[in-house]
Amino acid sequence: MPAAPDTVLRVALPVPLPRLFDYLPPPGASASSADAGRRIRVPFGQREAVGIVAGCGPAGVDADGLRQALAYLDDAPLLAGELLESMRWLARYTHAPPGEVLATALPAALRRGEPAPDTREPAWRLTEAGATALPGMREGRPRQLATLLAGGVRHEDVLDGLLPGWRPAARTLAGRGLAEPVALPSRQLAGEARPGPVPNQEQAEAIQAIRSAEGFTPFLLDGVTGSGKTEVYLHAIAACLARGRQALVLVPEIGLTPQLLGRFRARLGVPVHVSHSGLGDGERARTWAAALRGEARVVVGTRSAVFTPLPEAGLIVIDEEHDGSYKQQDGFRYHARDFALVRARALDVPIVLGSATPSLESLHNARSGRYTCLRLSRRAGSGRPPRVRVLDVRKRPLEAGLSRDMLEAVERALGAGGQVLVFRNRRGYAPVLLCHDCGWSAACPRCSSPEQSRPMTVHAQGRRLQCHHCGHRRPSPPACPDCAGLGLQPQGIGTERLEELLAARFGDYPVLRIDRGSTRRRDALEKLLAGLGDQAGILVGTQMLAKGHDLAGLTLVAVVGIDEGLFSADFRAPEKLAQLLIQVAGRAGRAERAGEVLLQTHHPDHPLLETLINGGYHAFAETELAQRQAAGFPPFAHLAMLRAEAKHADPPMAFLHAARRALGDWQERLSGINPAAADVEANGPMPPPMARRAGHYRAQLLFSAPGRAPLHAALNELVPALYALPEARRVRWSLDVDPVDLY
Ligand code: ADP
Ligand code: ZN
Ligand code: ZN
């Protein structure tokens with residue numbers, strides 16, 4: 001029997017359903033596999049929706065009821081080739097609805113159905129008549145302009161620089177048919193590429209290794225803070241550009257600073273396209289489209305820039321590859337670093353993962369030979385590594401949350417004209433508002449349950465309360481709601497209060513607070529730091545200050561209040577804390593002056609601190625990897641977390657119990673057929689430590705397996721079944737493959 005002709009389009013629509021939707025082709029069009037990746041407008045229920053053609057196929061048995069698509073939005077596919085294939089892989093790997101996954105590859109404006117933006121820019125050129133007339137033209141502006149244009153088409157903004165006031169002359173020439181406006185691909189005008197410092201031996205070896213890599217080659221660039229990793233990226237990117245290829249650079253959310261962009265632009269001498277969440281939709285769509293058309297040669301962006309089309313790819317760089325912001329934590333949960341590796345393989349290009357504190361996953365991959373490890377063991381230039389000391393504060397009086405030794409060290413550093421960073425990873429004024437008369441404390445009504453109270457953080461010198469989990473805010477009560485007493489007092493110290501206390505204690509010096517509260521605007525941090533300049537002063541901050549900004553005057557880093565991180569239940573907590581401490585410590589001693597790091601703790605003998613301080617990050621990582629292996633945690637096991645939430649506590653648990661039974665049924669069916677199925681373990685269901693959040697009770701079921709294959713075999717079976725469970729209708733659920741946060 002001949003195969004039925006392809007007559008229907010399979011369309012991915014951005015809805016939370018694990019399927020594609022069949023449509024007849026729009027009027028006048030036929031279904032062809034060449035249409036995959038084109039945006040299409042279709043009727044959907046009572047409304048219209050913008051979808052992406054995922055493929056085509058023969059009509060099914062129910063073809064009679066098929067609706068016809070309305071129109072294609074583009075002449076050629078927007079999602080094509082490698083990016084389309086990689087997105088399909090990502091949909092399979094995450095077990096997420098295909099329509100939501102494909103839509104994620106497009107910037108929001110294109111997802112909504114707006115036309116792909118024009119990335120061309122206005123320019124002028126001489127007509128043939130103009131070229132003929134030029135020798136006979138009178139002196140003056142029009143002739144000057146015609147002479148410039150005789151040398152080639154010029155973008156308007158180039159003309160602004162070359163011949164200020166050129167516009168009337170252009171109108172004159174155009175009026176006589178001697179010149180005409182045209183639109184050219186976005187400007188490829190090269191600035192001047194400025195040379196950087198001469199690479200040292202280790203840098204030169206790393207650069208050479210990356211430049212000579214052919215095809216897919218993953219590198220781990222493992223270099224201490226200030227060792228010149230960015231220099232290595234710049235050389236590798238320059239080489240990639242010289243070969244006529246595109247480079248994609250991913251940086252963490254707080255790493256994408258004007259400083260960094262300025263350095264890239266100056267050093268590479270080509271336009272650098274940017275993509276991050278602070279840009280408007282239009283700007284992001286322009287970067288995306290410019291990359292698709294091959295006009296953008298270097299794209300620097302945060303997490304979602306991993307979906308940039310790279311038709312002429314040559315290199316991918318992931319800076320600070322360990323950073324938590326690469327993992328999307330809600331909605332469609334993907335990991336930008338991991339997906340970048342998948343794309344690099346599909347594109348067959350080298351990829352460089354750089355960090356001073358590589359993730360245990362990446363270290364494991366380097367140890368097992370999957371990644372080529374490039375080490376930069378010393379600071380480049382004049383920077384010297386800081387000295388790190390632990391201050392035991394047991395039984396010592398604290399003032400402003402700082403021990404006397406710490407205060408004296410701050411005083412000394414300021415007296416010597418240095419800058420001091422006081423690191424406290426806790427925003428707000430105080431973590432708790434407590435009634436000293438009766439013990440009442442302010443709890444978030446949306447995140448607390450009868451079993452568990454969640455304190456609200458005190459802000460604005462005590463006037464306002466805010467929940468850091470759900471964002472709920474309200475004014476502080478004037479008196480205790482329980483006993484009506486007036487003994488309400490903020491307990492503990494957040495960055496706001498630390499700022500106040502330090503300003504009172506060190507009145508002669510400026511004290512700046514740097515956290516999400518004080519730097520809402522993207523350039524606010526730059527302005528704050530510029531205001532301080534190189535005078536002596538104190539910066540109080542959260543992990544926002546841990547990287548990104550060069551703080552050359554910093555001579556002392558004072559770390560306070562890390563003790564709670566030492567005893568977290570999350571198996572990744574030690575890794576995160578170690579990375580944070582090393583990154584913060586790395587802020588000191590960037591310039592000529594030696595730096596010092598003081599770490600104040602009630603647990604000076606804690607093994608994590610001992611190993612980290614005496615042996616460094618790699619010693620810590622070795623110990624931690626051994627423990628992960630013994631406990632059967634990643635990277636020695638593969639995880640997937642099924643989460644559910646609802647207004648009441650029972651439905652999430654009921655749903656997850658049903659999911660667990662479905663897994664058991666599958667394993668029973670496969671027993672004797674596929675022994676690996678029995679390797680998949682389910683842990684739970686159980687409520688996470690934070691059992692209620694933003695008004696919803698939560699529960700979770702953790703799947704783990706020693707290998708990816710059995711885990712994904714189980715999920716392939718399980719996930720479609722989850723949609724059909726009657727219990728699913730009473731909850732919001734989500735699956736997180738390779739979860740980073742287990743709670
Ligand atoms: P990282 O990215 O590892 O933190 P950077 O590339 O930002 O390091 O380099 C840290 C500082 O050292 C920068 O000021 C940089 O200009 C300087 N630097 C890097 N490589 C060299 C070198 N080979 N010689 C002199 N200075 C260098
Ligand atoms: Zn009270
Ligand atoms: Zn809350």
Side-chain angles (χ1 to χ4, degrees), residues 194-207 221-237 249 251-252 255 257 259-260 262-264 266-267 317-321 352-358 374-385 433-449 452-457 465-474 476-489 546-552 582-583 585-592 690-698:
R194 254 184 273 142
V198 178
N200 61 33
Q201 177 78 19
E202 286 183 322
Q203 285 173 316
E205 283 168 18
I207 293 163
L221 181 62
D222 181 347
V224 300
T225 324
S227 59
K229 294 184 291 297
T230 310
E231 284 302 317
V232 173
Y233 305 151
L234 287 167
H235 282 271
I237 294 166
V249 182
V251 295
T257 62
Q259 264 178 7
L260 177 101
R263 193 168 162 195
F264 268 64
R267 289 289 303 287
V317 173
I318 318 279
D319 187 29
E320 310 285 358
E321 64 89 26
V352 181
L353 311 185
S355 177
T357 54
L374 307 170
R375 283 293 285 273
L376 304 181
S377 55
R378 280 177 298 282
R379 290 197 174 196
S382 50
R384 272 177 283 164
L433 183 68
L434 182 79
C435 172
H436 255 285
D437 297 340
C438 75
W440 174 90
S441 67
C444 175
R446 291 160 49 78
C447 295
S448 300
S449 62
Q452 201 178 49
S453 152
R454 285 281 155 181
M456 292 185 80
T457 303
L465 297 171
Q466 188 180 335
C467 173
H468 284 191
H469 298 288
C470 72
H472 180 70
R473 291 160 165 242
R474 59 173 191 201
S476 298
C480 173
D482 260 17
C483 73
L486 297 176
L488 290 178
Q489 288 182 10
K547 57 179 160 264
H549 297 266
D550 243 332
L551 306 167
I582 298 284
Q583 297 280 353
R587 308 308 302 162
R590 296 278 283 191
E592 280 75 21
M690 195 168 165
R692 187 167 178 255
R693 182 177 173 152
H696 288 88
Y697 284 88
R698 309 165 350 129

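One-based numbering, in listed order, for ligands and for the atoms of each. Side-chain atoms are counted along with the backbone in the values below, which use heavy atoms only and exclude waters and symmetry mates. In this chain, residues are counted from 1 in sequence order. Every value quoted in this text rests on a predicted model; they were computed, and no experiment measured them.
For atom 2 (O) of ligand 1, the nearest non-hydrogen atom from the set L234, L221, T230 comes from T230.
Remark: E205 does not engage R375 in a salt bridge, criterion side-chain N to carboxylate O under 4.0 Å.
Contact check for C483 versus W440: no side-chain heavy atoms found under the 4.5 Å cut-off. For the pair C444 and H469, the minimum side-chain heavy-atom distance is 4.5 Å or more. With a 4.5 Å cut-off on side-chain heavy atoms, C435 and D482 do not count as touching. The shortest side-chain heavy-atom distance between M456 and L433 does not fall under the 4.5 Å cut-off. Counting heavy atoms from C-beta outward, P445 and H472 have side chains that approach closer than 4.5 Å. I237 is not listed as a side-chain neighbour of R267, based on a closest heavy-atom distance of 4.5 Å or more.
Under the 4.0 angstrom criterion for non-hydrogen atoms, R263 is in contact with ligand 1.
With a heavy-atom cut-off of 4.0 Å, V198 touches ligand 1 through its backbone alone. Contacts with ligand 1 closer than 4.0 Å are made by side-chain heavy atoms of Q203 only, the backbone lying farther away. Both the backbone and the side chain of S227 come within 4.0 Å of ligand 1, judged by heavy-atom distances. Here Q201 has no heavy atoms under 4.0 Å from ligand 1, in either its backbone or its side chain.
Protein N/O/S atoms closer than 2.8 Å to the Zn ion (ligand 2), listed by chain and residue number, are C435 SG, C438 SG, C480 SG, C483 SG.
Remark: of the listed residues I318, D319, V317, I318 is the sole one forming a side-chain contact (heavy atoms from CB on, under 4.5 Å) with E321.
In summary, the atoms of ligand 1 found under 4.0 Å from a heavy atom of E231, numbered by their order in the structure, are 6 (O), 19 (C), 20 (N). Residue-ligand proximity, P199 to ligand 1, at heavy-atom distances under 4.0 Å covers atoms 23 (N).
Between T225 and ligand 1, no N or O atom pair is found at a separation short of 3.5 Å. Geometrically, ligand 1 and G228 share a nitrogen or oxygen pair separated by less than 3.5 Å.
Remark: S441 engages V432, L434 in a side chain to side chain contact (heavy atoms under 4.5 Å, CB included) (not counting sequence neighbours). Q452 pairs by the side chain to side chain donor-acceptor pair (under 3.5 Å) definition with nothing, not counting sequence neighbours.
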Determine, stepwise, if the pair R454 / H468 fulfils side-chain contact (heavy atoms from CB on, under 4.5 Å).
CA-CA 10 Å; R454 285 281 155 181; H468 284 191; over 6 Å; no
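Taking 2.8 Å as the limit, the number of protein N, O or S atoms around the Zn ion (ligand 3) is 4.
Taking all atoms of both residues into account, the shortest heavy-atom contact from C447 to A694 is SG-N, 3.3 Å.
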